[in-house]
4 protein chains.
Amino acid sequence: MRSENEADGQKKRSFIETARRAQIVACAIEVIAEVGYAQTSLALIAKRAGISKGVISYHFKGKDELIQQVVDEAFTSGDAFVRSRIEGQMTAAAMLRAYIEATVEFYRTHRAHMTVLLDIWSAFRHEDGRPKLDTTANEPEMAAVEEILRFGQLAGEFREFSTRVMAVTLKQAVDGVLTQMAAYPDLDFDAYTRELVTTFDLATRKER
Amino acid sequence: MRSENEADGQKKRSFIETARRAQIVACAIEVIAEVGYAQTSLALIAKRAGISKGVISYHFKGKDELIQQVVDEAFTSGDAFVRSRIEGQMTAAAMLRAYIEATVEFYRTHRAHMTVLLDIWSAFRHEDGRPKLDTTANEPEMAAVEEILRFGQLAGEFREFSTRVMAVTLKQAVDGVLTQMAAYPDLDFDAYTRELVTTFDLATRKER
Amino acid sequence: MRSENEADGQKKRSFIETARRAQIVACAIEVIAEVGYAQTSLALIAKRAGISKGVISYHFKGKDELIQQVVDEAFTSGDAFVRSRIEGQMTAAAMLRAYIEATVEFYRTHRAHMTVLLDIWSAFRHEDGRPKLDTTANEPEMAAVEEILRFGQLAGEFREFSTRVMAVTLKQAVDGVLTQMAAYPDLDFDAYTRELVTTFDLATRKER
Amino acid sequence: MRSENEADGQKKRSFIETARRAQIVACAIEVIAEVGYAQTSLALIAKRAGISKGVISYHFKGKDELIQQVVDEAFTSGDAFVRSRIEGQMTAAAMLRAYIEATVEFYRTHRAHMTVLLDIWSAFRHEDGRPKLDTTANEPEMAAVEEILRFGQLAGEFREFSTRVMAVTLKQAVDGVLTQMAAYPDLDFDAYTRELVTTFDLATRKER
DNA sequence: AATGAATGAGACTTCATTCAT
DNA sequence: TATGAATGAAGTCTCATTCAT
């Protein structure tokens, strides 16, 4: 079984295996996006991938490992993209704007990933019922945003506020795009982005 | 069977039955809050309530009707509370503040209800996979907030902005409290509230 | 409970109780005729009767006793009717004709009773799986028919044949009306009867 | 899951699967013959087959598909047998005799099949209560018999009668064997057959 | 590396029956 | 007598997982 290799250092994973894993994860995302996590069974994923159920069990220790992979994929893919867009900026305000714009753009282009993440969020739990995913999973992103905010305060661009609360609020505000885009397919992303940028500019900048 | 009464106009529901239904709904909320919707079974709810599985089937047509009841309970209870707190206010800014304060307070005092609602949200679906709950379920609340915002704009208190986007942002921002309170039990609600109030005051008011 | 009275001699059964039992049996027949024995539950019968499920358990020891009652009703009601029509006849051939005509007429006017009987027949069993109803339940009727046939043979009206086989065949032939009338609602009963009469006249009479 | 294959054209059914399905159908027939359709559960069938309950669900979409298979098996197996025996005959009377003899013989050698068919007949219904099996299921056989009868009339062998009624009567008469053989295990099939042949010869032939 | 087959636990639901009122 | 409430067993079905090939 694959799992052992992984356990003792996940060194060697053959090319073909990597490909299969990626394919299965991709199909899992599609299926979950369509029918929801609760209605998703390994059988459904296998059918979508055109393979037999057993293959999934062969490549993943169990359903949980597969889902974890789906989550990881959704998390890390966005992170890199957004970071790259922030890095070029000089002022805190510009960074904030870049964060908002990049995140919304990522959401727009990765609709399925995000839908799935949102869906798995509450359903994915340990055996005793404790959620495997909670706000702490957002800590890395949250920390990055707080850094920007603190930088702005130190630089005299931003007023005094709890960087924590502002970071959470910002994240939630941007996530609002997700909820709207699910319900209203022809959402005007650019307009939405501009509104958010203005709103948080006003909310953070130092009043004269 | 109970179901018939409900079908032909839910006329008379005996006192004892109302009580049982309420008890079962309450237990369902507790259980879902603890182990999550996905892991919640009728057996678990029955055990928690100290009754036999059959009783649930006797009082509710099926699992779906029970969950729907849980959702309704969570939705309507908050609505009335928040509305009553807004009504006394004269200015749009005061209404906004009241909305934020009341909602956070409700979240704080109804932690389980809200956790559950969040959890059920994505998992509760029709047989074909379509979510039974989506953004449209928030429309009533959203409309109320937009009304406040429009009123503020007309009255010259608020600047020009998309009331839609602002309303969504506001709702999301307040919901941020839910995510934080789940992860950090000793959250300072008052401080959090003050930050939000200030933030949205700055974000909405007309600049001089 | 009622059952005791019944056990020790079923002497006293109050007027109201007799009425209730009859009503319940009648409703049971209706329901079984409509949805089939397998799909018939006490709840359904109770609903049809406009009473609560408990009432049935109160008046009948259990489901089996109720069904037994239904069967008895169906059996005895027809028996008396047919016998009375045979008694007036003088020749065996006339008796045979009377038997056929009376039975078909009874079937036509008691469609539900017969449908139900047919349906219960195979489903009504002892706990170990042995049928409670089998051909032996028809023995009384069968015996009566055989008597007619033997009488015809002794009197020189009928040819030699196994009265047993002929009786079974006759009964089955008449029951054919049941199967046809279920599938073809506008069956011409009179024509059907005439055909049967002729057929069995030819089949039984002494050839010249 | 097996069901898909079947949906899109039942293309390839592996050897081992075909065998399992046949085994399960056979066991189902045995069980139903013993305890009756109503008391037959998937658990019972599985136990008889020495397999786990899930296997049945794996090979059949549901209980209904299994039962349908049982019915089909019972229906088609007899049909072919009887037809082959009729085909060699030249006169209508000989065909009739062949039909009776072949059918009785089939009943004798396929006791369980027939018992089961009789039992399922009334109990196998659609969700709304409509029987899945009714007289129309016998139409093919009925039509074949009527054809013989009409042929006899045209050829001047048979008298005038309703071929419909005679066909039904004939079928019912032969089915009488089923009822008798269930109740009286040592039935003399040959004698019974001879009686039927004579009876219907007299009933159909043209009188001189 | 993959597959088909099988398993067994657990979920929801139905139902005859019992019981206190 | 009648009722509503409750019970617990049994039934069907789904599903993640395991295993021989």
Side-chain angles (χ1 to χ4, degrees), chain A residues 1-2 14 16-17 19-20 39-46 50-64 66, chain B residues 1-3 5 12-17 19-20 38-46 49-64 66, chain C residues 1-2 14 16-17 19-20 39-46 49-66, chain D residues 1-3 5 12-17 19-20 38-46 49-64 66:
Chain A
M1 233 181 288
R2 232 44 314 354
S14 83
I16 188 164
E17 172 161 15
R20 260 277 185 267
Q39 272 78 6
T40 297
S41 66
L42 293 191
L44 227 50
I45 297 173
I51 58 180
S52 102
K53 256 186 309 179
V55 185
I56 298 180
S57 297
Y58 180 76
H59 287 288
F60 296 90
K61 197 184 315 201
K63 194 188 190 188
D64 277 16
L66 169 56
Chain B
M1 236 176 290
R2 253 335 17 25
S3 47
N5 280 4
K12 43 205 159 191
R13 189 114 73 195
S14 80
F15 173 70
I16 186 162
E17 172 163 16
R20 259 278 183 266
Q39 272 78 7
T40 296
S41 67
L42 294 190
L44 227 49
I45 297 173
I51 57 181
S52 108
K53 252 187 315 178
V55 183
I56 299 179
S57 296
Y58 177 75
H59 288 287
F60 297 89
K61 200 187 314 221
K63 194 189 190 188
D64 276 17
L66 171 56
Chain C
M1 233 181 290
R2 224 66 287 0
S14 82
I16 187 164
E17 172 161 14
R20 259 277 186 265
Q39 271 80 6
T40 297
S41 65
L42 294 191
L44 227 48
I45 298 173
I51 58 179
S52 105
K53 255 184 310 179
V55 184
I56 298 179
S57 297
Y58 179 77
H59 287 287
F60 298 88
K61 197 184 316 201
K63 195 191 189 185
D64 277 15
E65 195 197 325
L66 169 56
Chain D
M1 237 176 291
R2 255 327 28 24
S3 48
N5 281 4
K12 43 205 159 193
R13 186 116 71 197
S14 82
F15 172 71
I16 185 162
E17 173 163 15
R20 259 276 184 269
Q39 272 79 7
T40 296
S41 67
L42 294 189
L44 227 48
I45 297 173
I51 58 181
S52 108
K53 255 185 311 178
V55 183
I56 299 179
S57 295
Y58 178 75
H59 288 286
F60 297 89
K61 203 189 310 226
K63 195 191 188 185
D64 275 17
L66 170 56

5' priority, DNA chain E, between Gly50(D) and Thr40(B) [closest heavy atom]: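 It is Gly50(D), whose closest nucleotide lies nearer the 5' terminus.
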What nucleotide among [options] has an atom nearest to a side-chain atom of [X]?
| X | options | value |
| --- | --- | --- |
| Ile51(D) | dT17(F), dT7(E), dT17(E) | dT7(E) |
| Ser41(C) | dA11(E), dA1(E), dC15(E) | dC15(E) |
| Ile16(C) | dA16(E), dT1(F), dT14(E) | dT1(F) |

Measure the distance from [atom1] on [X] to [atom2] on [N] and round it to the nearest whole Å.
| X | N | atom1 | atom2 | value |
| --- | --- | --- | --- | --- |
| Tyr58(D) | dC13(F) | OH | P | 17 Å |
| Phe60(C) | dT1(F) | CZ | P | 14 Å |
| Gln39(B) | dA11(E) | CD | C1' | 13 Å |
| Leu44(D) | dA10(F) | CG | P | 12 Å |
| Lys53(A) | dT17(F) | NZ | P | 11 Å |
| Phe15(B) | dT3(F) | CZ | C1' | 18 Å |
| Leu42(C) | dA2(F) | CG | C1' | 16 Å |
| His59(A) | dT17(F) | NE2 | P | 16 Å |

Pairing string, 5' to 3', for DNA chain F - Watson-Crick or wobble contacts under 3.5 Å, brackets [ ] where pairs cross, | to another strand: .||||||||||||||||||||
Any Arg20(B) side-chain nitrogen or oxygen under 4.0 Å from OP1 or OP2 of dA6(F):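 Yes, because at least one side-chain N or O of Arg20(B) sits under 4.0 Å from OP1 or OP2 of dA6(F).
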Residue-phosphate contact under 4.0 Å: Ser57(C) side-chain N/O, dA16(E) OP1/OP2: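 No, because none of the side-chain N or O atoms of Ser57(C) sits under 4.0 Å from OP1 or OP2 of dA16(E).
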Residue whose closest nucleotide on DNA chain F lies nearer the 5' end, Lys63(D) versus Val55(B):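 The residue whose closest nucleotide sits nearer the 5' end is Val55(B).
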Minimum heavy-atom separation for [X] to [Y], with atom names?
| X | Y | value |
| --- | --- | --- |
| Lys63(A) | Thr40(A) | NZ-O, 3.4 Å |
| Ser52(A) | Ala46(A) | C-CB, 3.9 Å |
| Ile51(A) | Ile56(A) | CD1-CG1, 4.4 Å |
| Ala43(A) | Lys53(A) | CA-CG, 3.7 Å |

Sugar-phosphate only, base, or nothing, as touched by Ser52(D) at under 4.0 Å among non-hydrogen atoms: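 Base contact.
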Sugar-phosphate, base or nothing in reach of Ile56(C), heavy atoms under 4.0 Å: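 Nothing, no nucleic acid heavy atom in range.
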